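Owing to the predicted nature of the structure, the values given are computational and were not obtained by experimental measurement. Values reported hereafter were calculated over all heavy atoms of this structure, with side chains retained and with hydrogens, waters and symmetry mates removed.
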Amino acid sequence: MKTKNSATAPNPIAVSGSAAPARPAVRGTLQAGLGVAAFSLTFPATAWGLEGFGPWSLVAVRSVLAALIAGGFLLALRVPLPDRRHWAGLAVVAAGVVLGFPLLTTLALQTSTTAHAAVVVGLLPLTTALFSALRVGTRPSRTFWLAALAGAAAVVAFTVQQSGGALTTADLYLFAALLVCAAGYTEGGRLARTMPGWQVTGWALVLCLPLGLPAAAIALAYEPVQWNGHGVTGLLWVAAGSQLLGLVVWYRGMAAIGIPKASQLQLAQPLLTLVWSVLLLGEHLTVAAPLTAAAVLVCIAVTQRARG
């Protein structure tokens with residue numbers, strides 16, 4: 001017979017179970033954060049790569065190298081081909097993340113500083129959240145959107161101020177890169193719910209190999225290569241670090257904590273890139289750059305607390 005006290009006593013299974021979801025959330029946040037750290041080095045590494053390679057050669061060779069590494073892992077582990085229903089999504093990831101974003105940002109960095117480009121790309125979390133709402137059907141809270149829009153407004157104001165009131169060609173490249181990358185991130189995060197994140201990245205890279213090989217051959221034939229330490233180091237990082245390892249942990253994190261919340265972690269990326277631009281490239285920052293980056297960092301705490 002149950003007593004009054006036993007009827008109201010807490011269920012130890014329920015209590016322990018309530019803490020279980022926190023563990024995947026913490027792990028997913030750490031994985032997405034590692035992805036952001038890897039991505040923060042992309043622009044400085046690209047600037048180094050441009051010291052030895054032309055823009056088209058750098059993009060094509062990085063995609064080929066990353067695809068060969070990923071394809072080697074897929075073959076060694078005997079990973080079966082994805083289902084036919086996943087190939088359209090993988091094509092979006094390939095077009096946006098493997099090809100579009102690297103090419104457009106590399107073209108922008110020919111005339112833009114890494115610091116300026118990093119702050120502009122601070123809009124990526126908002127564009128990713130928008131694509132997520134349209135594609136996946138997520139419905140973040142009003143607080144989430146207000147904080148994201150505040151961060152976006154700070155980035156837009158910075159861009160207009162730095163460009164003298166008018167957008168430059170580099171800015172147009174960067175804004176186009178935001179759109180294609182957000183589409184790729186959203187589709188990759190959706191696919192990572194049904195297949196391992198590293199396989200999403202790997203198959204997207206392999207999908208680009210038939211295009212990347214001839215593109216690399218043609219680009220290398222027309223753009224002179226200067227073999228130097230910065231050029232090779234930059235190429236290796238954008239191929240293995242940003243293009244492969246960073247995307248693997250990033251998609252795993254997105255699958256664990258959701259696309260909107262993971263995307264807001266990227267608000268930290270501009271500030272990290274500003275640090276690398278000073279340490280690795282010796283760039284001199286304007287006062288507006290770190291202030292803008294700090295402003296969008298404030299939005300992280302708000303969006304991570306908002307239910308989305």
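By the 4.5 Å heavy-atom criterion applied to side chains, V97 and Y251 are counted as neighbours. Side-chain atoms of F43 and V238, non-hydrogen and from C-beta on, never get closer than 4.5 Å to each other. Put simply, the side chain of V79 reaches to within 4.5 Å of the side chain of W198, judged on heavy atoms. L174 places none of its side-chain heavy atoms less than 4.5 Å from the side chain of L104. Taking 4.5 Å as the limit, some side-chain heavy atom of S277 sits within range of a side-chain heavy atom of L285. Put simply, the side chain of L178 reaches to within 4.5 Å of the side chain of V121, judged on heavy atoms.
Follow the hydrophobic side-chain contacts under 4.5 Å out from V59 and you never reach L220; the two are in separate clusters. Note on F39: it clusters hydrophobically with I69, by side-chain heavy-atom contacts below 4.5 Å among ILVMFWY residues. Residues L209 and L244 fall into different hydrophobic clusters, defined by Ile, Leu, Val, Met, Phe, Trp and Tyr side chains chained together at heavy-atom separations under 4.5 Å. With hydrophobic clusters built from ILVMFWY side chains whose heavy atoms lie under 4.5 angstrom apart, W56 does not share a cluster with L235. Both L207 and V200 are assigned to one and the same hydrophobic cluster, defined by single-linkage of ILVMFWY side chains at heavy-atom distances under 4.5 Å.
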- request: With side-chain contact (heavy atoms from CB on, under 4.5 Å) as the test, would you mind laying out the steps for L124 and C181 before giving the verdict?
  value: CA-CA 8 Å; L124 186 56; C181 189; 4.0 Å; yes
In sequence, state the C-alpha distance, the side-chain angles, and the governing distance for T105 and T46, and then conclude on side-chain contact (heavy atoms from CB on, under 4.5 Å).
CA-CA 9 Å; T105 53; T46 300; 5.7 Å; no
Q.
Assess the residue pair V119 and T159 against the criterion (side-chain contact (heavy atoms from CB on, under 4.5 Å)); give the C-alpha distance rounded to whole Å, side-chain angles, the decisive distance to 0.1 Å, and a yes or no.
A. CA-CA 8 Å; V119 177; T159 304; 5.7 Å; no
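Note on residues 93-130: pairs passing ring-ring contact (aromatic ring centres under 6.0 Å, His included), not counting sequence neighbours, are H116-F158. Residue pairs meeting the side chain to side chain donor-acceptor pair (under 3.5 Å) criterion with at least one partner in residues 278-293, sequence neighbours excluded, are T114-E283. Applying the salt bridge (Lys or Arg N to Asp or Glu O under 4.0 Å) rule to pairs touching residues 211-227 yields nothing, sequence neighbours excluded. Residue pairs meeting the salt bridge (Lys or Arg N to Asp or Glu O under 4.0 Å) criterion with at least one member in residues 190-203, sequence neighbours excluded: E187-R190.
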Name every donor-acceptor pair, under 3.5 Å, that has one atom in a side chain of residues 80-94 and the other anywhere in the protein, sequence neighbours excluded.
unit_1	atom_1	unit_2	atom_2	d
W87	NE1	P82	O	3.4

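With a 4.5 Å cut-off between side-chain heavy atoms of Ile, Leu, Val, Met, Phe, Trp and Tyr, the cluster of V249 takes in L34. Hydrophobic cluster of I218: the remaining members, joined at side-chain heavy-atom separations below 4.5 Å, are Y222, listed by chain and number. Taking Ile, Leu, Val, Met, Phe, Trp and Tyr as hydrophobic and joining them when side-chain heavy atoms fall under 4.5 Å apart, one finds L179 in a cluster with F131.
When atom types are taken as modelled, the side chain of N228 and the backbone of Q226 share a donor-acceptor pair closer than 3.5 angstrom. For S57 (side chain) and A219 (main-chain N/O), a donor-acceptor pair under 3.5 Å exists by modelled atom type.
With sequence neighbours excluded, the residues that form a side-chain contact (heavy atoms from CB on, under 4.5 Å) with L149 are L126. Remark: H230 engages W48 in a ring-ring contact (aromatic ring centres under 6.0 Å, His included) (not counting sequence neighbours). With sequence neighbours left out, the ring-ring contact (aromatic ring centres under 6.0 Å, His included) criterion links F53 to W227. Under the rule for a ring-ring contact (aromatic ring centres under 6.0 Å, His included), the partners of Y185 that lie at least two apart in sequence or sit in another chain are W250.
We find the OG1-CG distance between T201 and L205 to be 6.5 Å, quoted to the nearest 0.5 Å.
Within 6.0 Å of the OH atom in Y173, the count of heavy atoms belonging to other residues, nucleotides or ligands does not exceed 12.
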